[in-house]
Amino acid sequence: MTYSLNLEKRGVALRGLTVDLQGKRILDDVDLEIEPGEIVALLGPSGCGKTTMLRAIAGLQPPLRGDISVGGKIMTKVPPYQRNVGMVFQNYALFPHMTVADNVTFGLRMKNVAAARRDAVQTASLAMLELTALRDAYPARLSGGQQQRVAIARTIATEPSVLLLDEPLSALDKKLREGMRIELRALLKKVGITAIIVTHDQEEALAIADRIAVMDRGRIAQIGTGAELYHKPNSRFVADFIGYMNYFEGTVGIQTGGLLDITIAPNLSIRAPSAQTIREGERVSVGVRPEAIRLAPQKQASVPGINAVPAQLVSKEFLGVVTYLRFEDDSGIERMVIRSGEDHDLAVSDGARCWLQWPEQASIVIAA
Amino acid sequence: MTRSSMPSILQITTFGVLLFMALPNLLILVISFNSAATLAFPPTGLSLKWYANVFSTPSFAVGIKQSLLLAATSCAVSMVLGVLASLAIVRFRFFGRQAANVFVMAPLFVPEIVMGIAMLLWANTVLFISNTAVLVVLHCLIVLPYVVRLVVANLQGMDPNLESAAMLLGARPHQAFLHVTLPLLGKGLLGAAVFAIVMSFHNFTATMFLVGNSPTLPVAAYQYIRTENDPTVAALSTLTMLGGILAVYLMEKWIGLERLVR
Amino acid sequence: MRQRLVPYLLVVPSFILIVTLLMGLSSVLGWSLDDGTGSGATFAQYESLVTNASYRRFFTSSLWLAGVATAVALVLGFPAAYYMETKASPRQRKLIFAALLAMFLSDYVLKMFGLVLILGRTGLVNKLLLWLGVTDEPFRLMFNEFGVLVGLISGILPYMILSLNGVIARLDKRLQEAAALLGAAPWQVFLLITVPLCVPGILAGTMLSFLLSLNSFVTPMLLGGGRVDMIAVFIFDQSINLGNLPLGSAAAGILFLISAAAILALTVAGDRFHRRFQR
């Protein structure tokens with residue numbers, strides 16, 4: 001008889017979650033709603049509270065206030081060993097004195113699951129993570145990738161309602177890490193479990209997660225798909241954390257035909273798609289991604305309908321697939337342009353003056 | 001001074017120092033196999049009779065039994081106390097943690113002779129307590145700081161995530177301790193236990209105040225040296241040296257010598 | 001709430017044990033202040049220990065002997081520790097290390113007995129000297145301060161070397177190399193770079209050795225033969241052999257204070273050293 005793991009997809013909800021550690025506020029009134037079966041990444045710099053959030057969900061860190069619910073059931077006061085929440089630690093925390101098989105059945109033994117069922121679950125978990133051949137090996141003999149699979153097999157064998165992963169790829173070397181991103185996502189989708197993954201690497205978050213929650217100083221700055229965060233960041237913090245952004249500060253002028261007119265210098269204005277919350281006369285930042293900008297020679301007049309700012313080329317940095325072009329505009333601010341491959345914009349020579357142009361739709365208005 | 005003469009001076013000093021420390025032991029070794037009844041050197045003939053004499057001397061036979069019993073008991077008690085206290089100190093953050101750490105180390109700050117008289121006076125204030133029980137308390141006090149120090153070092157070297165991982169897999173705290181912490185700590189604990197036994201077995205100064213009519217081995221040896229003059233003590237010394245070498249070997253195997261002293 | 005109590009419950013058994021020691025120490029204090037009536041307190045015992053020259057001798061003589069023994073052990077121990085950490089092969093090192101530890105763990109009483117065999121009237125040294133014809137009369141090498149000093153040094157050397165070892169092992173070799181490249185001769189490197197960086201280990205080893213010597217009982221008994229005054233012998237004689245518990249307790253109290261002060265001084269000095277050089 002083959003046993004198939006009984007993994008139900010459950011949602012996770014945090015309401016007003018607040019955590020203090022040694023008198024310092026680590027999580028500040030966090031609300032978060034995760035759909036059943038969804039993969040959510042918590043992304044942020046170190047010290048933003050992402051690992052603490054994971055430990056709070058696991059029950060390893062009691063919150064000061066707020067509630068954690070899994071599958072609609074409030075878990076805040078449930079001890080970790082009764083929460084049925086799986087966690088893959090940053091260093092995997094495999095028990096060094098147990099074989100792969102014993103690591104995998106540890107949870108079942110703790111719960112006094114009958115031997116027959118235990119063997120069946122063990123077989124199923126090992127098979128799902130392609131570890132059957134390594135069942136009698138000790139963790140110290142395994143590669144980083146194999147250790148990670150054992151850590152996942154060990155948690156899913158207990159059929160958790162949600163899987164937490166703390167920087168799961170950071171223990172691997174760089175080359176392997178990039179390959180493992182896609183593999184890990186495929187694996188989580190195959191298991192079909194709700195997963196929360198903590199990372200400080202934006203590319204990792206983009207590659208693995210369905211949605212990303214960007215965290216800043218104990219709060220969720222913004223949550224959304226990778227494309228949403230990239231194209232519609234709600235703050236400079238989010239915009240800067242994912243990719244590079246050029247900013248133009250200005251005052252909002254008139255709105256015409258769904259476009260805002262923003263004055264950034266006495267004789268210079270740029271246009272952006274209008275946003276509901278922005279009022280006339282307000283100070284705003286306009287963000288433009290470096291790859292949205294194209295170059296036009298200075299002598300050519302600005303093309304109507306397209307934003308244009310004059311600037312002088314300072315340096316060109318060839319990085320293979322792309323080239324970074326650093327400009328300085330008339331007020332001395334650095335402007336970054338990224339062009340790829342054999343783009344004809346790359347013909348521009350050092351010290352040349354150009355127009356930096358981009359379509360209105362590429363302007364992102366961010367409240368200052 | 002030329003460069004080549006530097007290491008040789010260093011070498012001579014080092015080996016001189018080592019010889020100075022080892023010479024008493026080496027001499028004892030030779031004399032213990034000597035057939036002559038006086039503690040004279042050089043030896044006149046080979047004999048094992050002094051070894052037989054060790055076990056037929058009543059005070060030594062009693063002393064060995066007494067010391068082993070005392071060492072085993074105080075080792076067991078202080079291991080339990082020490083492991084519990086170490087767990088609190090390493091695995092928990094609580095008010096007074098640093099103070100607790102210092103408090104447990106307190107016996108290290110008390111000179112042995114003072115500890116001896118202190119425990120003698122303490123025994124007089126407590127009614128109905130046997131001499132042996134007081135000795136156990138004294139020896140636990142002497143070993144506890146070493147046990148805590150070694151166990152704390154071992155616990156600190158262990159990944160705390162392992163216990164968290166066990167609990168998330170459904171292990172209750174005591175199960176996590178039994179199935180994960182304890183087995184991983186195993187060798188470190190054995191090493192600490194050997195150290196505790198050795199420290200207790202050889203304690204003399206503080207013990208002397210409390211032995212009464214059934215002296216421990218070091219006390220018996222001391223009394224013997226002061227009255228008799230034959231190589232029986234040399235044979236006894238050789239035997240305890242063997243014990244010491246075994247202890248060093250076990251500790252090297254279980255915790256590593258470097259970890260023990262640093 | 002229950003969770004918060006767990007660490008306290010874990011330390012309680014150890015606390016109870018330590019409390020017995022504190023009770024004992026307070027009994028010592030109580031006896032030292034005893035005025036014979038059972039109700040009042042007096043500092044008379046302490047006063048006589050300080051003012052009576054024959055009592056004071058026990059302290060001054062102990063401090064002097066412990067100081068000399070420690071100084072000699074440092075001078076002998078440093079080169080040995082240095083050699084073993086920097087020049088010895090890993091195999092040699094392990095062997096020396098094991099030998100040191102065996103010494104450290106060997107029975108103190110029996111070690112002193114070994115020294116008696118070496119220093120006695122018919123001991124190894126005198127036999128050798130007579131045989132070589134250096135002298136016709138055996139030298140008196142024990143039952144005097146010399147014998148006690150040899151015993152103390154032999155007892156503390158393992159502690160000293162092991163303490164020094166720790167710091168020497170952690171020395172950054174590149175600092176010595178840098179000094180040499182800047183033109184320092186080997187002895188200058190040693191005096192100006194190596195020794196100052198070893199200060200924490202030197203302090204720790206010195207203090208430990210000093211206290212062990214100061215508190216020594218077996219050595220003055222076996223190698224001093226009762227002719228060399230040391231505090232531990234005084235305390236034992238007064239409180240056990242002569243039944244003068246108040247005087248013995250007061251002496252124990254002073255010894256405890258000296259030890260505590262020394263440990264405190266070491267902690268403060270170590271702290272300052274760290275604060276100065278480490279961020």
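Labels below follow one simple rule: chain letters A, B, ... track the order of the sequence lines, proteins then strands, and each chain is numbered from 1.
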Q.
Please find the pair of heavy atoms, one from B/Leu210 and one from B/Asn131, that lie closest to each other, and give the distance.
A. O-OD1, 3.2 Å

Q. Are the charged groups of A/Glu183 and A/Arg177 less than 4.0 angstrom apart, N to O?
A. no

Q: Would you mind checking which part of A/Leu94 comes under 4.5 Å of any heavy atom in chain B, side chain (CB onward), backbone (N, CA, C, O), both or neither?
A: backbone

Q.
Non-hydrogen contacts under 4.5 angstrom with chain B: give the residues of residues 43-68 of chain A involved, or none if there are none.
A. A/Arg55, A/Ala58, A/Leu60

Q) If you check every heavy atom in residues 158-168 of chain B against those of chain A, which residues fall under 4.5 Å? A) B/Asp159, B/Asn161, B/Leu162, B/Ser164, B/Ala165, B/Ala166, B/Met167, B/Leu168

Q: Would you kindly say whether A/Thr199 and A/Glu204 are connected by a side-chain donor-acceptor distance under 3.5 Å?
A: yes

Q: Starting from the C-alpha separation in whole Å, work towards a yes-or-no answer on ring-ring contact (aromatic ring centres under 6.0 Å, His included) for A/Phe106 and A/Phe95.
A: CA-CA 9 Å; A/Phe106 181 85; A/Phe95 305 130; 4.7 Å; yes

**Q.** Step-by-step side chain to side chain contact (heavy atoms under 4.5 Å, CB included) determination, A/Ile196 to A/Leu163
**A.** CA-CA 6 Å; A/Ile196 306 176; A/Leu163 185 60; over 6 Å; no

Q) Would you say A/Arg25 has more than 12 foreign heavy atoms packed within less than 6.0 Å of its CZ? A) yes

Q) Which members of residues 97-114 of chain B, sorted by number, sit under 4.5 angstrom from chain A on a heavy-atom basis? A) none

Q) Quick check: are there more than 12 heavy atoms from other residues, nucleotides or ligands sitting under 6.0 Å from NZ of A/Lys189? A) yes

Q: Answer with side chain, backbone, both or neither: which region of A/Asn91 has an atom nearer than 4.5 Å to a non-hydrogen atom of chain B?
A: side chain

Q. Do other residues, nucleotides or ligands put more than 12 heavy atoms under 6.0 Å from the CZ atom of A/Arg118?
A. yes

Q. Can you name the nearest heavy-atom pair linking B/Val54 to B/Phe60, along with the distance?
A. O-CB, 3.3 Å

(Q) Counting C-beta onward and ignoring hydrogens, is there a side-chain heavy-atom pair between A/Asn84 and A/Lys111 closer than 4.5 Å? (A) yes

Q. Roughly how far, to the nearest 0.5 Å, is CE of B/Met199 from CZ of B/Phe201?
A. 14.0 Å

Q: Could you pull out the closest heavy-atom pair between A/Ala13 and A/Glu33, with the gap in Å?
A: CB-OE2, 3.5 Å

Q: Answer whether the closest heavy-atom distance between the side chains of B/Phe55 and B/Leu239 falls below 4.5 Å.
A: yes

Q | Modelled atom types, side-chain donor and acceptor of A/Ser170 and A/Gln90, under 3.5 Å | A | yes

Q | Euclidean distance, A/Asp102 CG relative to A/Gln122 CD, rounded to 0.5 Å | A | 7.5 Å

Q) Looking only at atom types and distance, does a side-chain atom of A/Gln148 sit under 3.5 Å from a main-chain N or O of A/Pro168, one as donor and one as acceptor? A) yes

**Q.** Residue-level contacts of residues 177-187 of chain B with chain A, using a heavy-atom cutoff under 4.5 Å
**A.** B/His179, B/Val180, B/Pro183, B/Leu184

Q: Please check if any side-chain donor atom of B/His139 sits under 3.5 Å from a side-chain acceptor atom of B/Thr73, or the reverse.
A: no

